[in-house]
Amino acid sequence: MTHSQQPSVFEGRRQRLTGMTRRTVVVDGHRVNAFEAGDGPQTVVLVPGIPDSSAVYRGQVPGLLDAGYRVIAPDLLGQGDSDMPADVAHYTIAKDQQRLWAVVDALGVDTFHLVGHDRGAGSTWAMAAHRPDRITSYVALSTGHPSARARAGYEQRQMSWYMLRLLFSDAESWLRGDAEGEGGAWSTFRWWVGNHSEADAWIADLERPGALRAMLNFYRANIHPVNASMTPVPRVRVPVLGVWPTGDIYSSLEQMARSGEWIDAPWRFERLAGAGHFLQLDRPDAVTDLILDHTERHRDRLA
């Protein structure tokens, strides 16, 4: 199915959603940006990962609106137009959850369908596990249940090598430099994201003062042994769709396919060919159709 294109805009070279209402919610003194549109009886919340912002879902918003949903697309702290505080402690997965709950509460949403990718999947898996009374259904893009990911074996550990490299004190200069890739400024970053066509927009965002540090702070807060205090995510009692793109260079098949072992509700696993880790951009219509199929199947669960 082909969906009409959501207007988007480059502010400079920075990609942003347009045609939606911009909201700002202040949580613990920090501004969290969110875009919303539609007035349907059910809501879909789209949570992005690294190095994205809410703009990564620009290919999904039109189809969701056409299907009659209200859509909310927040920027996590350090992303898009949300604040970028310097303190690592603000970037824990637990803090991400608190801010997402604050956004949906401030926008008057009681129950909703939830979609999470990459960093956004870290918080949204936990949200689905802890509040099945509020999450109607959940879609995990690329990133499986944390317990499945932890048990995914050597292949996943190999694919997660970059998380350790980004803990080094020179991580900012490394990403900005040309130690890897084809040379020139930000060559290593381009190489790290697989020379994706969105790299220019991501770099434009990360060139803002404090933005690259904010991105790295997520790894420092949740991976670094000095700071990390991640609470195990419980079993999930919400219908879950897990979508794994076959070209993902960061997340293995096993960590998504085994996620069903931690789900006490309908579980569906889909491989998506022709897409890498940034599947919302690589195959936007296919991702939209998968989300819609899942939300429609379970729309009456909390009715």
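Keep in mind the model is a prediction, meaning the values are calculated, not measured. One-based numbering along the sequence shown.
Tested against Trp202 for a ring pair (Phe, Tyr, Trp, His ring centres under 6.0 Å), the candidates Trp186, Trp192, Phe278 yield a single pass: Phe278.
Checked by atom type and distance alone, the side chain of Gln97 never pairs as donor or acceptor with a backbone atom of Thr92 at under 3.5 Å. A distance-only check finds no donor-acceptor pair linking the side chain of Glu36 to the backbone of Thr21 [under 3.5 Å]. Here the side chain of Gln156 pairs no donor or acceptor atom with the backbone of Leu253 at under 3.5 angstrom. At least one donor-acceptor pair under 3.5 Å links the side chain of Arg157 to the backbone N or O of Gly153. Of the possible donor and acceptor atoms, none in the side chain of Arg190 sits under 3.5 Å from a partner among the backbone N and O of Asn195.
A perpendicular orientation is assigned to the rings of His113 and Tyr69, their planes being inclined by more than 60° (bins at 30° and 60°).
In this structure, His130 NE2 and Thr231 OG1 are separated by 7.0 Å, a value rounded to the nearest 0.5 Å. Separating the OG1 atom in Thr111 from the CG atom in Leu302 is a distance of 5.5 Å, to the nearest 0.5 Å. Taken to the nearest 0.5 Å, the CD atom of Gln98 stands 11.5 Å off from the CG atom of Leu77. Interatomic distance, Gln280 CD to Leu141 CG, rounded to the nearest 0.5 Å: 5.5 Å. A distance of 10.5 Å separates CH2 of Trp101 from OG of Ser123, quoted to the nearest 0.5 Å. A distance of 11.5 Å separates OG1 in Thr43 from CG in Leu114, rounded to the nearest 0.5 Å.
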Item to complete: Start with the C-alpha distance between Glu172 and Arg213, add both sets of side-chain angles, then the distance that settles salt bridge (charged side-chain N to carboxylate O under 4.0 Å, His left out), and finish with yes or no.
Response: CA-CA 7 Å; Glu172 290 190 41; Arg213 176 189 58 203; 5.6 Å; no
Worksheet item: Going through the checks in order, is the side chain to side chain contact (heavy atoms under 4.5 Å, CB included) test met by Leu281 and Arg58?
Response: CA-CA 8 Å; Leu281 300 172; Arg58 62 187 180 271; 3.7 Å; yes
Discussion item. Using side chain to side chain contact (heavy atoms under 4.5 Å, CB included), reason through Val287 and Leu290 one step at a time and then give a plain yes or no.
Written reply: CA-CA 5 Å; Val287 171; Leu290 285 166; 5.5 Å; no
Worksheet item: Can Val240 and Arg268 be said to form a side chain to side chain contact (heavy atoms under 4.5 Å, CB included), step by step?
Response: CA-CA 6 Å; Val240 179; Arg268 177 182 168 200; over 6 Å; no
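A salt bridge links Arg134 with Asp105: at least one charged nitrogen is closer than 4.0 Å to a carboxylate oxygen. For Arg16 and Asp205, the salt-bridge test passes: some basic side-chain N is under 4.0 Å from an acidic carboxylate O. Taking 4.0 Å as the cut-off between side-chain N and carboxylate O, Asp170 and Arg165 count as a salt-bridged pair.
Residues that satisfy the salt bridge (charged side-chain N to carboxylate O under 4.0 Å, His left out) test with Asp300, not counting sequence neighbours, are absent from this structure. By the salt bridge (charged side-chain N to carboxylate O under 4.0 Å, His left out) test, Glu180 is found to be paired with no residue, residues two or more places apart in sequence or in another chain being considered. Checked against salt bridge (charged side-chain N to carboxylate O under 4.0 Å, His left out), Asp96 has the following partners two or more places apart in sequence or in another chain: Arg99, Arg119.
Under a cut-off of 6.0 angstrom, the local environment of CZ in Arg235 is crowded, with over 12 non-hydrogen atoms contributed by other residues, nucleotides or ligands. Other residues, nucleotides and ligands place more than 12 heavy atoms under 6.0 Å from the CD atom of Gln158.
A pairwise comparison of heavy atoms in Pro74 and Leu46 identifies CD-O, 3.0 Å as the closest pair. Scanning both residues, Leu206 and Phe189, for their nearest heavy atoms gives CD1-CE1, 3.5 Å.
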